[in-house]
Undergrad: 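My questions will all concern the structure given below.
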Number of protein chains: 2
Amino acid sequence: MGFEPMGVATDLVILTVRAGSFEVLLIRRGIAPHRGRWALPGGFVRPAEGLKAAALRELAEETGLDSDQIHLEQIATYGEPGRDPRGRVVSVAYLALVPDLPAPVAGTDAASAEWVPVAEVLADAKRLAFDHHQVLADGVERARAKLEYSPLATAFCPAEFTISELRGVYEAVWGVALDPRNFHRKATKTEGFVVPTGETTTRDGGRPAQLFRRGPATALHPPVTR
Amino acid sequence: MGFEPMGVATDLVILTVRAGSFEVLLIRRGIAPHRGRWALPGGFVRPAEGLKAAALRELAEETGLDSDQIHLEQIATYGEPGRDPRGRVVSVAYLALVPDLPAPVAGTDAASAEWVPVAEVLADAKRLAFDHHQVLADGVERARAKLEYSPLATAFCPAEFTISELRGVYEAVWGVALDPRNFHRKATKTEGFVVPTGETTTRDGGRPAQLFRRGPATALHPPVTR
DNA sequence: GCAAAAGTGTTAGAATTACACCCATGC
DNA sequence: GCATGGGTGTAATTCTAACACTTTTGC
């Protein structure tokens, strides 16, 4: 059975929230094409490697994170002829949501990697190489939408977090202010969203706040509204 | 720049609602692998062809429909090594929602095609070739979810339809009964969902019903609840 | 004490639900 | 007339949004 072989790659939209800022991990390309321009991390899928496995490998190379600590899901696949000057390359894009990394971004990859505010990158459609502006836009839109009806915001938080830290994630990703009091009720009353650890912290200042972990829910009923 | 070439294909989850039944278009495979088994329509992407263009070509071959009349969106991409015995094949799955076709399904494709109730196919995980059971399940879940917050149900209807025909789509896809009176209010009051044509029909029996067309909305606020 | 953030209570308005009821047609 | 589905009205309930107010810490 004949078919025309093509290159298959994965690209990663790695998002985090750092100090109230919603940011994406970009690399400066060290090789052609688009040498010296900013791009999403990514690379070709190896012959005996699954697509998600390839994305996990790239993610570990860039961030040092392993699969337990991160949320990774497919966004979409981009394959217009001509999107890559090297030839026909089809790219499967993945969305990774990671907590604010205590360790530096430095991975085994030699190319320089940097966290950049999402708003800044999206404001300039020509900033990124290839069709990565569209890929980023699609990934960001997916993340924003999923915060509403899934407990995914916890993926941006450390293992234990306060309700106001969780609210900070929503505010950074959506770019809106939420009522702290109503948000507190929503987060703690929504079945399975968060579970209290019994501990408290004063790291946010003011009255000590309860610490929570991610709950078992996979969907939020009712959703958190934007 | 070296990469390992792979086969790239598209598979189609073509869904419709016919006489109150939620159905998927399957073909019986005429060639190996999985010869004689049921599968989703699909085929390899041509060298200079875009992914969506390939899906549209397959769709036209199977149903005779052109792009104006149908909704087509990407579901996901499936590329585990070993999913296709012919070698490393990555398949980009597309979801197509089509109205009940007045013309027979017969296309230029020689393989026999048939509409089969979705529930029947999903009930038997071994019915379909390759990993098509998973692809179908993902496509169906996408369609069910999108009915809630998008005006996509109209994609299953002819250009002009009554509110009860629209409700029939929801009931068939979700497998639930909806209150006709509350649904009527919801559909007609939700901004941009449907627009009245001014015509009426008695084809559903009883009092004449107003005819509507799809409205300009791309999202429904508030959503239709399951 | 004062500032800051956590957390609870309350109330008005909006949306959802269930169902009573009337309308316009075919037969 | 009578059956059938179309379409409107309305009240009970639930959800949301806005904000007053109390609690517990650091300084």
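Letters A, B, ... are given to chains in the order of the sequence lines, protein chains preceding strands, and every chain is numbered from 1.
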Undergrad: Can you give me the closest heavy-atom contact between A:Arg83 and A:Asp11, atom names plus distance?
TA: NH2-OD2, 3.8 Å
Undergrad: When we call it a touch if two heavy atoms are under 4.0 Å apart, what does B:Thr162 touch: a base, just sugar-phosphate, or nothing?
TA: nothing
Undergrad: How many angstroms lie between CG in B:Leu59 and CG in B:Leu72, if you round to the nearest 0.5 Å?
TA: 6.5 Å
Undergrad: Answer yes or no: does a side-chain N or O of A:Thr200 lie under 4.0 Å from OP1 or OP2 of C:dA6?
TA: no
Undergrad: Which of these nucleotides, C:dT16, D:dT25, D:dT10, is closest to any side-chain atom of A:Pro208?
TA: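 Taking heavy atoms from C-beta onward, the closest nucleotide is D:dT25.
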Undergrad: Could you state the atom-to-atom distance from NE2 of B:His221 to C1' of C:dT16 in whole Å?
TA: 18 Å
Undergrad: At 4.0 Å (heavy atoms only), tell me whether A:Pro180 reaches a base, stays on the sugar-phosphate, or touches nothing.
TA: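 Nothing, no nucleic acid heavy atom in range.
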Undergrad: Regarding A:Thr188, tell me which of base, sugar-phosphate or nothing describes its non-hydrogen contacts under 4.0 Å with the strands shown.
TA: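 Answer is nothing: A:Thr188 stays at 4.0 Å or more from every strand.
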Undergrad: Expressed as a whole number of angstroms, how long is the span from B:Arg185:CZ to C:dC19:P?
TA: 14 Å
Undergrad: Without decimals, in angstroms, what is the distance between B:Arg203 CZ and D:dT4 P?
TA: 21 Å
Undergrad: Both B:Gln210 and A:Thr202 contact DNA chain D. Which one's nearest nucleotide lies toward the 5' end?
TA: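 Going by which nucleotide is closer to the 5' end, it is B:Gln210.
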Undergrad: What nucleotide, of D:dG7, D:dG9, C:dA15, holds the atom closest to the side chain of B:Arg207?
TA: D:dG7
Undergrad: Nearest whole Å is fine: how far is D:dC15 C1' from A:Tyr149 OH?
TA: 21 Å
Undergrad: Classify the nucleic acid contact of A:Asn182 as base, sugar-phosphate or nothing, counting any heavy atom under 4.0 Å across all strands shown.
TA: base
Undergrad: Rounded to the nearest 0.5 Å, what separates atom CD1 in A:Ile70 from atom CZ in A:Phe156?
TA: 12.0 Å
Undergrad: Side chain of B:Asp204 only, heavy atoms from C-beta on: which candidate in D:dT16, C:dG7, D:dG5 is closest?
TA: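 The answer is D:dG5.
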Undergrad: Give a yes or no on whether the backbone of A:Leu147 and the side-chain of A:Tyr170 come within a donor-acceptor separation of less than 3.5 Å.
TA: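 Pair found, side chain donor or acceptor close to backbone of A:Leu147.
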Undergrad: Measure NZ/B:Lys186 against P/C:dA15 and give the value in whole Å, please.
TA: 9 Å
Undergrad: Do B:Asp138 and B:Tyr78 get their side chains close enough for a donor-acceptor pair, meaning under 3.5 Å?
TA: yes
Undergrad: So what does B:Arg167 hit on the nucleic acid, given a heavy-atom distance under 4.0 Å: a base, only sugar-phosphate, or nothing?
TA: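 Sugar-phosphate contact only - B:Arg167 comes under 4.0 Å of backbone atoms but never of a base.
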Undergrad: What's the CG-P distance between A:Leu178 and D:dT16, to the nearest Å?
TA: 14 Å
Undergrad: Within the 4.0 Å heavy-atom criterion, would you say A:Ser164 contacts the bases, only the backbone, or no part of the nucleic acid?
TA: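 Contact class for A:Ser164: sugar-phosphate only.
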Undergrad: Looking at A:Leu128, is its backbone amide N or carbonyl O close enough to the side chain of A:Arg37 to form a donor-acceptor pair, meaning the two atoms are under 3.5 Å apart?
TA: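 Yes; at least one donor-acceptor contact below 3.5 Å.
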Undergrad: Mapping A:Gly206 and B:His184 to their closest nucleotides on DNA chain D, which lands nearer the 5' end?
TA: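 Looking at the nearest nucleotide for each, B:His184 comes out on the 5' side.
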Undergrad: For C:dG9, does the base pair up with any side-chain atom of A:Arg181 as donor and acceptor (N or O, under 3.5 Å, distance only)?
TA: no
Undergrad: Let me know the distance between CZ of B:Phe183 and C1' of C:dT17, rounded to the nearest Å.
TA: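 From B:Phe183 CZ to C:dT17 C1': 16 Å.
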Undergrad: Could you check which of C:dA18, C:dG7, D:dT16 has an atom nearest any side-chain atom of A:Ala209?
TA: C:dG7
Undergrad: In whole Å, what is the span from the CD atom of A:Glu199 to the P atom of D:dT25?
TA: 14 Å
